[in-house]
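Single-structure report; data block below.
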Amino acid sequence: MSKTIEKEEQDKVREGMKIEDTMVVDADIHLSPNHPDNIRAMADHMESPYDRMLSPDNPWISSMTNSGWLKTYGGHKDMEVDAVTSTDPIEDVVMDEYGVDVALLNSFGFPDKSPHTEYDLERMRGFNRMMLDQYLDDNDDIYGHMHLAAREPHKAAEEIDRHGDEDKFVGCYFQVGLEYQMYSPPGDPEWDIMYEAMEDNDLVPTYHISEMNYTAPLRGLETFMGVHNLCCPWSVEWTLTSLMEHGTFEKFPDLDFAFLEGGIGWIPFMIARLNREVAQFRHEVPLLEKQAEEYIKDQCYFGTQPVGEFMNDQHMVHMLQSIGADSLMYTTDYPHHDFDHPNAIDKLLRKAFDATGREKVLNGNALDVYGIDA
């Protein structure tokens, strides 16, 4: 199929698919992290000499084009259907065409990817300055996640406090499960200083899957399909397990925790699995006062994308119902190739939940969790 025909078909899909009868909050929209325009903009907000290290001409940066991770495996799709280098495509496509009313913006995590600690810390600071200046400050219905370098928890906590009074930052973003991660698992007690700062500043720890490539659990898989199939659930399962085993939910009962781009099929399995494991090995998790399922239901929220597809829609409905409307937030993952259109998700929500439950997923949970007054 030619790119022209493909673009025409995308336009037809977009036409007439706007949700008209309810507010829609999209909790997972990405800017294009490796686009030269965003790279230059971020460098402009970084201090010398580290600004010179971040350049579109840097071989590491230039190797990760917007076609990106997918095509490194020989795939035939671009990773992104649009380049997000300003709020224009978010407003024109996601909001005007898809019917999203409030957008929560992030990226792929810039920090924690380089062996150079001070460089990564300055990238953290530069990204957050750039996000505020270029994407958030002048856009009433667009909010964002602060990006943090978890490799240096004390420095990350300082960054949280630095921007804690910024109303447009509603969460703190971590890309989890990286093969070359420079940080301990998210439940490790060394993260507690960050959770304390988030609790003090009413910010939500938000965990997003990573491009795991050749990390040990996926080693040997030979296609993008194979890696992508497992990296989504594995990243968030790893994170949730770490939070549970270290008693993070019990230590920070006032925090809500958000998980993005893991889909939802893994959630019922993990609830049942953790219930069993926690009960069997109670002596290993002395901080926990409740069943694993209670912590998950009380404090965890899950983005719907990528929602998964059964041949029988009713099976998808049963899965949604087993998780419950109180725990789900609608997400597109725009502009990535596998984004979920709100109209497609809404068809399932109308079958699975009553009007109140549907509204919780489409807007209520995200507004409440992230403290957005819209």
Side-chain angles (χ1 to χ4, degrees), residues 30-36 38-64 68-69 106-134 144-164 166 169 171-201 203 205-216 231 235 238-239 242-243 246 248:
H30 293 270
L31 61 83
S32 300
N34 297 298
H35 193 286
N38 281 327
I39 294 295
R40 293 187 184 98
M42 190 164 73
D44 287 344
H45 288 80
M46 292 169 61
E47 300 293 334
S48 179
Y50 303 110
D51 58 336
R52 298 195 297 273
M53 297 175 66
L54 187 67
S55 165
D57 299 322
N58 181 315
W60 186 86
I61 295 293
S62 63
S63 70
M64 288 293 292
W69 178 42
N106 55 58
S107 178
F108 277 121
F110 278 101
D112 297 320
K113 287 189 174 183
S114 164
H116 196 309
T117 300
E118 289 303 319
Y119 169 52
D120 263 6
L121 289 172
E122 185 55 28
R123 285 204 297 179
M124 169 186 72
R125 292 184 283 262
F127 181 89
N128 292 332
R129 296 183 194 117
M130 184 269 287
M131 174 82 88
L132 281 169
D133 181 60
Q134 185 163 318
H145 290 87
M146 195 184 308
H147 280 42
L148 299 178
R151 65 194 295 167
E152 292 284 342
H154 285 78
K155 296 291 186 181
E158 290 175 6
E159 182 75 357
I160 294 169
D161 289 334
R162 184 178 296 113
H163 295 293
E166 294 282 357
F169 276 137
C172 295
Y173 177 95
F174 303 97
Q175 193 175 351
V176 291
L178 290 165
E179 58 169 322
Y180 36 77
Q181 68 194 44
M182 306 294 177
Y183 53 82
S184 57
D188 191 292
E190 72 171 20
W191 283 56
D192 286 358
I193 191 171
M194 294 188 287
Y195 295 133
E196 289 168 3
M198 286 180 246
E199 198 169 50
D200 290 343
N201 291 284
L203 294 166
T206 299
Y207 311 100
H208 190 285
I209 66 118
S210 65
E211 72 281 15
M212 290 165 55
N213 294 37
Y214 296 109
T215 194
C231 79
S235 295
W238 175 77
T239 300
S242 177
L243 295 171
H246 288 286
T248 308

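Small disclaimer: the values here were computed from a predicted structure and weren't measured. Any value given below was found using the heavy atoms of this structure, including those in side chains, with hydrogens, waters and symmetry copies removed.
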Does any N or O in the side chain of Asp120 come within less than 3.5 Å of the main-chain N or O of Asp112, such that one atom is a donor and the other an acceptor? yes
How long is the span from the CD atom in Gln175 to the NE2 atom in His208, to the nearest 0.5 Å? 7.5 Å
Side chain to side chain contact (heavy atoms under 4.5 Å, CB included) between Asp161 and Glu158: does it pass, once the steps are laid out? CA-CA 5 Å; Asp161 289 334; Glu158 290 175 6; 5.8 Å; no
Mind checking side chain to side chain donor-acceptor pair (under 3.5 Å) for Arg129 and listing every partner two or more places apart, or none if nothing turns up? Glu122
Suppose we screen for side-chain contact (heavy atoms from CB on, under 4.5 Å). Which residues come up paired with His154, at least two apart in sequence or across chains? Ile193
Please name all residues satisfying side chain to side chain donor-acceptor pair (under 3.5 Å) with Asp133, sequence neighbours left out, ordered by chain then number. His45
The reported gap from CG in Asn34 to CD1 in Ile39 (rounded to nearest 0.5 angstrom) is 5.5 Å
Quick one: does Arg151's side chain have a donor or acceptor within less than 3.5 Å of a partner on Ser114's backbone? yes
Assess whether side chain to side chain contact (heavy atoms under 4.5 Å, CB included) is satisfied between His116 and Tyr50, documenting all intermediate values. CA-CA 10 Å; His116 196 309; Tyr50 303 110; 3.7 Å; yes
Glu159: salt bridge (charged side-chain N to carboxylate O under 4.0 Å, His left out) partners, not counting sequence neighbours: Arg162
Just so I know, are the side chains of His145 and Phe174 near enough to count as touching, which here means a heavy-atom distance under 4.5 Å? no
In Å and rounded to the nearest 0.5 Å, what is the CG to NE2 distance from Asp192 to His246? 9.5 Å
Does Asn106 have any side chain to side chain donor-acceptor pair (under 3.5 Å) partners at least two apart in sequence or in another chain, and if so, which? Asp28, His30
Rounded to the nearest 0.5 Å, what separation is found between the CG atom of Asn128 and the SG atom of Cys172? 8.5 Å
Residues passing the side chain to side chain donor-acceptor pair (under 3.5 Å) test with Glu190, sequence neighbours excluded, are Ser184
Do Tyr195 and Leu243 come within less than 4.5 Å of each other through their side chains, counting heavy atoms only? yes
Closest heavy-atom pair, Cys231 versus Ser235, reported as atoms and distance to 0.1 Å, is O-OG, 2.9 Å
To the closest 0.5 Å, what do you measure between CZ (Phe127) and CG (Leu132)? 10.0 Å
Looking at every heavy atom in both Ser107 and Pro33, which two are closest together, and how far apart are they? OG-CB, 3.1 Å
Roughly how far apart are Asp200 CG and Ile160 CD1, rounded to 0.5 Å? 9.5 Å
When the ring planes of Trp238 and Tyr183 are compared, do they come out parallel, tilted or perpendicular, using 30° and 60° as the limits? tilted
Smallest separation among heavy atoms of Gln134 and Ala41, with atom names: OE1-CB, 3.2 Å
Can you name the closest pair of heavy atoms from Ala156 and Ala149 and give their distance? CB-O, 3.7 Å
Step by step, work out the side chain to side chain contact (heavy atoms under 4.5 Å, CB included) result for His163 and Asn201. CA-CA 9 Å; His163 295 293; Asn201 291 284; over 6 Å; no
In sequence, state the C-alpha distance, the side-chain angles, and the governing distance for Ser48 and Asp51, and then conclude on side chain to side chain contact (heavy atoms under 4.5 Å, CB included). CA-CA 5 Å; Ser48 179; Asp51 58 336; 3.8 Å; yes
